[in-house]
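Structure record follows, encoded as structure tokens.
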Amino acid sequence: METPKETRERPTPGGPQDFIRETVARDLASGRHRTVVTRFPPEPNGYLHIGHAKAICLNFGVAKEFRGRCHLRFDDTNPSKEEQEYVDSIQEDIRWLGWDWGGHLYFASDYFGQLYAWAEDLVRAGKAYVCDLSADEVRAYRGTLTEPGRPSPYRGRGADENLDLLRRMKAGEFPDGSRTLRARIDMAHPNLNMRDPVLYRILRATHHRTGDEWCIYPMYDYAHGQSDAIEGITHSICTLEFEAHRPLYEWFIENLPVPHKPHQYEFARLNLTYTVMSKRKLLDLVQNGYVSGWDDPRMPTLAGYRRRGYTPEAIRAFATKVGVSKANSTVDVAYLEECLRDDLNKRAPRRMAVLRPLKVVLENYPEGKVEEMDLVNNPEDASAGTRKAPFSKVLYIERDDFMEDPPKKFFRLSPGREVRLRGAYFITCTGVEKDAAGEVAALRCTVDLHTRGGSSPDGRSPKATLHWVSSGHAVEAEVRLYDRLFKAENPDKAPEGQDYKVNLNPDSLVALAGCKLEPSLAVCKAGDTVQFERLGYFCCDRDSAPGRPVFNRTVTLKDTWAKIQRRGK
RNA sequence: UGGGGAGUCGCCAAGCGGUAAGGCAGCGGCCUUUGGAGCCGCCAUCCGGAGGUUCGAAUCCUCCCUCCCCAGCCA
């Protein structure tokens, strides 16, 4: 069993496909820029999720399509929340997704020195001041959405005093939170972000890169644009909530001697049905044990999808298919699943696995006889070849594939009915054995020995084809059936006083023991993906041991019968 | 009741003054040794609403409605 071969992604058609690419194309054509430089700027305070994947594919995708480059820059300006574990996982996930930042790995913390020097410039120019107001006071002075703010009593401090105070802040002379450096802009500005925003705060926390070198740290607004400027970013692409920050972004660029003037563009972040996307909530799920970790296969993190069996190709295809716009939207998670099936269908080798075994005894098949049946590995890909699977008198089939008293549209096995066993023979059910509780314990069937391989010389063809595994050769396995983590389309819609966690799906993980796999599945490598015929795509979990495989269900196959049943209810 | 955005099919999303792409979902059918895949149909006389400009508007103008973001020393 091997990992599926690479499938080619559809080539990007001619021109721009969204307003960002339109802008980039125009800027290149007009000569405004010679090369496009973008950046993906994660804060290392959590694992990357599918929403980040959209941003990653946009930034790296634009750079690649226009032969520019994309930097990976960690926005590490708040050491109280950031950790090395996250910077490592983020790099791993971006690489897994298939992107490469070349040598362009940066950290906002690389620029702390320059940022601080520029802060002194601002102070000298009378454009920033040290404010002694407490956090509460700053809030009170800021005013509200409808009322202008009032100037801080420290707003009028002279440049010399401000410079002295700023240096002493940096030197660690003042306690955390006691003072801030603020821009002197306009306390009556209708955009709250422009009401003398904080540039630096005093914060004694050990930074994952700079250690204890600093006790003042720049705020996002002060660090981000200047980092873009330092790196020569041409198009700084971020999500909609930063739109109101753009005037401030531009204010810094205009008022500082930066080497380059980048521009910010905003697009709508990704939302998915049945999914929570905020890092805060994902952290909550991890820290409070609602899931097994950041890479729990039910998590919308890239690590989770990877362990679940999603492919980078499918996620990339999804990212390009949902498009980029400025309208808030929530994409149906079924769309993501469809992108996955589309990818896996073409590359996943087929195998037979019986999840809920029902024993079948073939009455007219010789005791002790074993035949090696030929099975096609992938009907979508002739080059995938064939394999052998043992067939014998005692087999297992799926419990769901038998009904003693079948309803109208059920055309699988039932007493007196004939079905095909995939790649083997036609069998007819002749009897049902029950246990003391009245449960079906085993089936007695006869086999038509003229149908070896699955076709009959007389041309008849059963309505159903079932998967099967030979009892004496089966590999025992654990199979974990994953379903969506939330049962509500919008998990955030919770009753008064409760939060999104009331919408957790209690059946999001069903672990099945004693599943029967065909022998070719005895050894598997974590991450290997296969299709269990008629059931879905599954991938080998890292919990597997030799001879004791563990498989995760990645996604089910489309199931017409299940749909009919649902409709009937 | 300030400022900034957005409203095109159930969900995404093209459209950029010339008379509504595509995908997902859904619904029919064909085909099938996976009720998988594939294939073929159907699925917005209408673009948040109302006026106006124009030979002609989803695209331009006016007013209105709805939703989202901003009052962290978070990003």
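Lettering of chains follows the sequences in order, A, B, ..., and the numbering in each one begins at 1.
- Between B:rC70, B:rG36, B:rA75, one nucleotide has an atom nearer to the side chain of A:T560 than all others, and that is B:rG36.
- Within the shown strands, nothing qualifies as a pairing partner of B:rG17 under the Watson-Crick or G-U definition with both distances less than 3.5 Å.
- Nearer to the 5' terminus of RNA chain B, by closest-nucleotide assignment, is the contact made by A:A334 (compared with the other of A:A334 and A:P41).
- Looking at heavy-atom distances under 4.0 Å, A:T77 makes contact with sugar-phosphate atoms alone, never a base.
- Using a 4.0 Å heavy-atom criterion, one finds that A:K279 contacts no nucleic acid atom at all.
- One P atom belongs to B:rA14, the other to B:rA57, and the distance between them is 24 Å to the nearest Å.
- Within the 4.0 angstrom heavy-atom criterion, base atoms lie near A:H245.
- Glycosidic conformation of B:rG38: anti, with the torsion beyond 90° of 0.
- Searching all strands for a Watson-Crick or G-U wobble partner of B:rA37 with both distances below 3.5 Å returns nothing.
- If you check every strand for non-hydrogen atoms under 4.0 Å, A:N345 touches a base.
- In this structure, A:R350 reaches the bases: a heavy-atom distance under 4.0 Å links it to at least one base atom across the strands shown.
- The phosphate of B:rC12 (OP1 or OP2) has no side-chain N or O of A:S325 nearer than 4.0 angstrom.
- Using a 4.0 Å heavy-atom cutoff across all strands shown, A:E147 reaches no nucleic acid atom at all.
- Across B:rC16 and B:rG48, the matching P atoms stand 15 Å from one another, rounded to whole Å.
- Pair check for B:rG2 finds B:rC70; Watson-Crick or G-U wobble, both atom distances under 3.5 Å.
- Comparing A:R452 and A:E489 by the nucleotide of RNA chain B whose heavy atom lies nearest to each, the residue mapping closer to the 5' end is A:E489.
- Residue-to-nucleotide contacts include a donor-acceptor pair under 3.5 Å from the side chain of A:E380 to the base of B:rG36.
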